[in-house]
> 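First the structure, then my questions, so here it is.
Atoms within a ligand are numbered from 1 in the order they appear, just like the ligands themselves. These numbers come from the heavy atoms of this one structure, side chains and all, not from hydrogens, waters or symmetry mates. This structure is a prediction, so every number in the text was calculated from the model and none was measured.
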Amino acid sequence: MAVRIDGKAVSAKVREQVAQEVASLKAQGVCPGLAVIIVGDDPASKIYVNNKKKACQATGIYSEEYALPGDTSQKELLDLVADLNHKEDIHGILVQSPLPKGLDEKAVVEAIDPQKDVDAFHAYNVGKIMIGDYHFLPCTPAGIMELLKAYDIAVEGKQCVVIGRSNIVGKPMAMLLLHQNGTVTVCHSRTKNLAEITRQGDILVSAAGKSHFVTADMVKPGAVVIDVGMNRDENGKLCGDVDFDGVELVASYITPVPGGVGPMTIAMLLKNTVTAAKLQNDLL
Ligand code: GUN
């Protein structure tokens, strides 16, 4: 039976560290500030943004929320980003994804000052990650690396299999595992013989976005299984990609949904905001 990785407990520790760093920065006259922009009224995005705001409050980070109507123009959004780029009390800017149809998300991300890009989505930061010389990491893959560290799970020399090749999770995840000397395979929707490949993974990370996608027969006995999925099952209940009850019997470690990777994502956003505040005040 696999050990359940407790993302809530690990994220609480990260938040505690963040709160201490915030206090120490404030003593030096710097209050880390995060601006979160949300456009339209996607219910899931509203919940995420609200959770981000609450997490900032709990750790002493100053936050501003910009809730813009769904018919906001590209120019209005770019003007807001430009204003925030110049605002001295704002160190991090996050534009909640997805944006309503008609808005060019890529152009908006590229308009963010790379030093304030706490999502690490800007091409400059993506390039920095690729060469292993970075200040910010995307929150979800960074949170997963933090979970592995917290449970003393070594990556070096391991076969790591990542399902999904998104810019937010799959690609940076592969890069971070590679930086830790894992041997990495990235699978995606066109991969042939998926189960054959996933069965080789000592560490299997699934970001497929499909419930019950990873079944026990796809998992190597003793593997570490990390579930990035945020799906709804047939009954509307939140669930991951992994068929938890079956895979739990085969894996050595497993992240539940909820309570696994999810809580880490916000904790890493707070950490990036503190890093951004230090970076912009020559305190790194
Ligand atoms: N939407 C879902 N996850 C994220 C995230 O990590 N950052 C942003 N900006 N939007 C998201």
> Less than 4.0 Å between a side-chain N and a carboxylate O, is that true for Asp241 and Lys210?
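No.
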
> Quick one: list whatever passes salt bridge (Lys or Arg N to Asp or Glu O under 4.0 Å) with Glu64, sequence neighbours left out.
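Expected list: Lys87.
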
> Around atom 11 (C) of ligand 1, find the nearest protein heavy atom and jot down its residue, atom name and distance.
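Residue, atom and distance for the closest contact: Gln96 NE2, 3.4 Å.
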
> Considering only non-hydrogen protein atoms, determine which one is nearest to atom 10 (N) of ligand 1 and report residue, atom name and distance to 0.1 Å.
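Answer for atom 10 (N) of ligand 1: Ser97 N, 3.0 Å.
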
> I need the atoms of ligand 1 closer than 4.0 Å to a non-hydrogen atom of Leu94, numbered in the order shown.
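Per the distance check, 9 (N).
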
> Of the protein's non-hydrogen atoms, which lies at the shortest distance from atom 5 (C) of ligand 1, and what is that distance?
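For this ligand atom, the closest protein heavy atom is Asp119 OD1, 3.9 Å.
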
> Does Ile168 approach ligand 1 within less than 4.0 angstrom via side chain, backbone, both or neither, non-hydrogen atoms only?
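No part of Ile168 comes within reach of ligand 1.
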
> Might you confirm whether atom CD of Glu234 has over 12 heavy atoms from other residues, nucleotides or ligands at distances under 6.0 Å?
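Yes, enclosed.
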
> Looking only at N/O atoms, are Pro98 and ligand 1 under 3.5 Å apart anywhere?
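It does not: no N or O of Pro98 is found under 3.5 Å from an N or O of ligand 1.
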
> Does some side-chain heavy atom of Cys139 sit less than 4.5 Å from a side-chain heavy atom of Ile266?
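The answer is no; the side chains never approach within 4.5 Å.
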
> Can Lys13 and Glu16 be counted as an ion pair, charged N to O under 4.0 angstrom?
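Salt bridge flag = no for Glu16 with Lys13.
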
